[in-house]
Amino acid sequence: MTDVAKTNLLGLTQPEMESFFESIGEKRFRAGQVMKWIHHFGVEDFDAMSNLGKALREKLSACAEIRGPEVVSQDISADGTRKWVVRVASGSCVETVYIPQGGRGTLCVSSQAGCALDCSFCSTGKQGFNSDLTAAEIIGQVWIANKSFGTVPAKIDRAITNVVMMGMGEPLLNFDNVVPAMQIMMDDLGYGISKRKVTLSTSGVVPMIDKLATVTDVSLALSLHAPNDELRNQLVPLNKKYPLDVLLASCRRYIEGLGEKRFLTVEYTLLKDVNDQPEHAAQMIALLKDFPCKINLIPFNPFPFSGYERPSNNAIRRFQDLLHKAGFNVTVRTTRGDDIDAACGQLVGQVQDRTRRSERYIAVRQLGSEAEEPRTANRN
Ligand code: SAH
Ligand code: SF4
């Protein structure tokens with residue numbers, strides 16, 4: 001029998017693991033034992049699972065495996081941020097970032113190799129799309145990061161307190177793999193992270209936001225980036241399909257379904273002279289009036305030939321103050337780990353693009369300084 005036929009147990013949720021054990025003629029409670037070995041202790045060798053009998057260990061070795069994505073590199077930044085580049089089955093590489101801050105440790109996880117959505121200021125988007133990650137490749141990033149802090153059980157050590165699906169890719173376009181991976185993050189047999197501390201970030205795939213509400217209650221972040229449709233159509237092309245009124249209505253349904261004290265995180269990447277002007281703040285205040293939300297401003301993280309610039313600190317503060325005075329809870333995301341290219345929008349991995357978009361982008365880059373011109377101000 002070849003390895004290919006083996007079931008990878010890493011990406012199985014508890015019910016799936018129970019079904020697996022049943023299918024091989026074993027008791028369902030074995031699922032819990034094996035999940036603890038995998039996720040709490042980072043074990044990948046069945047022989048190390050000392051509470052399983054020898055016969056069962058041999059049976060598992062023959063028909064199953066615990067296989068995470070291959071770690072290509074691990075970097076640790078001066079500020080404690082860690083970044084992994086991992087290779088997935090399609091051959092592409094994706095990135096995972098760990099950001100310690102105060103008592104929290106946030107892991108930023110990728111869901112796809114590349115992204116099909118082509119937001120104009122995002123380096124992942126510029127690389128085109130290669131593949132969806134499997135559930136094992138998604139939870140595998142948590143597994144790898146957790147193991148890097150030692151073999152203490154995740155629940156005791158708690159190096160990773162929060163997970164955000166804000167790495168490469170659009171998680172709602174890989175729904176069937178992202179949802180089980182998030183279930184394992186929240187399961188006590190997995191990483192025991194509370195539903196409030198697992199956040200899915202989307203650029204606004206409306207039907208999938210509604211579908212998400214039927215299967216989970218994780219926190220939701222919306223990548224807004226523009227307070228009107230005309231500008232958002234330029235920055236987030238998906239807006240042409242799901243415009244702001246439709247999008248915000250679906251986010252409201254989702255948040256209301258979560259119950260009390262839950263809110264939408266609104267992400268807004270600030271682009272100099274494009275969406276950072278006082279009129280944009282005024283439009284945003286009107287748009288989000290009465291919406292249970294917290295606003296997270298992300299100063300643009302530059303990458304070569306993006307055509308955009310980061311606003312000055314004064315412009316960032318001015319934008320924040322305007323929203324703050326209108327009663328919004330507004331934070332500015334500090335840039336972390338930029339010495340290892342781990343900041344938002346700098347995640348590039350190494351995507352084997354199937355859309356040929358990256359070829360077009362490289363062609364634009366070759367035009368040289370012309371392409372370096374910052375975009376003209378858009379005062380919608
Ligand atoms: N596809 C999802 C999640 C991944 S992107 C989404 O778009 O929400 C995670 C966040 O980083 C998004 O809010 C995205 O807009 C932002 N981002 C992308 N490129 C950026 C850049 N160059 N600088 C700052 N933020 C960026
Ligand atoms: Fe894709 Fe998100 Fe980047 Fe847009 S911002 S291209 S949706 S990863």
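Order of listing sets the numbers, starting from 1, for every ligand and every atom in it.
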When rounded to the nearest 0.5 angstrom, what distance separates CG in Leu297 from CG in Leu270?
5.0 Å
One finds that the ligand 1 atoms under 4.0 Å from a non-hydrogen atom of Thr202 are 6 (C), 8 (O)
Using a strict 4.0 Å threshold on nitrogen-to-oxygen distance, state whether Glu44 and Lys147 make a salt bridge.
yes
For Glu267, atoms of ligand 1 separated by under 4.0 Å from a heavy atom:
10 (C), 12 (C), 13 (O)
Ligand 1-proximal atoms of Asn301, by part, heavy-atom distance under 4.0 Å
both
May I ask you to identify, for Leu222, whether its side chain, its backbone, both or neither come under 4.0 Å of ligand 1 on a heavy-atom basis?
neither
Given side chains that start at C-beta, do those of Thr7 and Glu65 come closer than 4.5 Å, heavy atoms only?
no
I need the nearest protein heavy-atom contact for atom 7 (S) of ligand 2: residue, atom name and distance, please.
Ser203 OG, 3.5 Å
Considering only heavy atoms of Phe121, which atoms of ligand 1 have at least one such atom less than 4.0 Å away?
15 (O), 17 (N), 18 (C), 19 (N), 20 (C), 21 (C), 22 (N)
What atoms in ligand 1 come closer than 4.0 Å to a heavy atom of Cys122?
18 (C), 19 (N)
Within the structure, is a non-hydrogen atom of Ser223 found at a distance of less than 4.0 Å from ligand 2?
no
Please check if the distance between the ring centroids of Tyr268 and Phe319 is under 6.0 Å.
yes
Determine, using heavy atoms of Gly169 and all atoms of ligand 1, whether some pair is separated by less than 4.0 Å.
yes
Between ligand 1 and Gly167, can you find any atom pair, the residue atom being a heavy atom, that is separated by under 4.0 Å?
yes
Among protein heavy atoms, which lies nearest atom 3 (Fe) of ligand 2, and at what distance?
Cys122 SG, 2.4 Å
Considering the options Val218, Ile160, Asn162, which one meets the side-chain contact (heavy atoms from CB on, under 4.5 Å) requirement together with Ile193?
Ile160
Would you mind running through ligand 2 and noting each atom that sits below 4.0 Å from a heavy atom of Asp118?
6 (S)
Salt-bridge present (Lys59, Glu26; N to O < 4.0 Å):
yes
NZ/NE/NH1/NH2 to OD/OE distance under 4.0 Å, Lys195 and Asp217
yes
Tyr308 side chain near Ser120 side chain, heavy-atom distance below 4.5 Å:
yes
Could you list which atoms of ligand 2 come closer than 4.0 Å to a heavy atom of Gly125?
6 (S)
Are the aromatic ring centres of Phe21 and Phe29 under 6.0 angstrom apart?
no
protein heavy-atom neighbour closest to atom 2 (Fe) of ligand 2 works out as Gly169 O, 4.4 Å
Same cluster (ILVMFWY, side-chain, under 4.5 Å), Ile316 and Leu322:
no
Can a cation-pi geometry be assigned to Lys211 and Phe175, taking NZ or CZ under 6.0 Å from the six-membered ring centre and within 45° of the ring axis?
yes
Within 4.0 Å of some non-hydrogen atom of His225, the atoms of ligand 1 are 13 (O), 14 (C), 15 (O)
Atom 4 (Fe) of ligand 2 - nearest protein heavy atom and its distance
Cys119 SG, 2.3 Å
From Cys115, does some N, O or S atom reach closer than 2.8 Å to atom 1 (Fe) of ligand 2?
yes
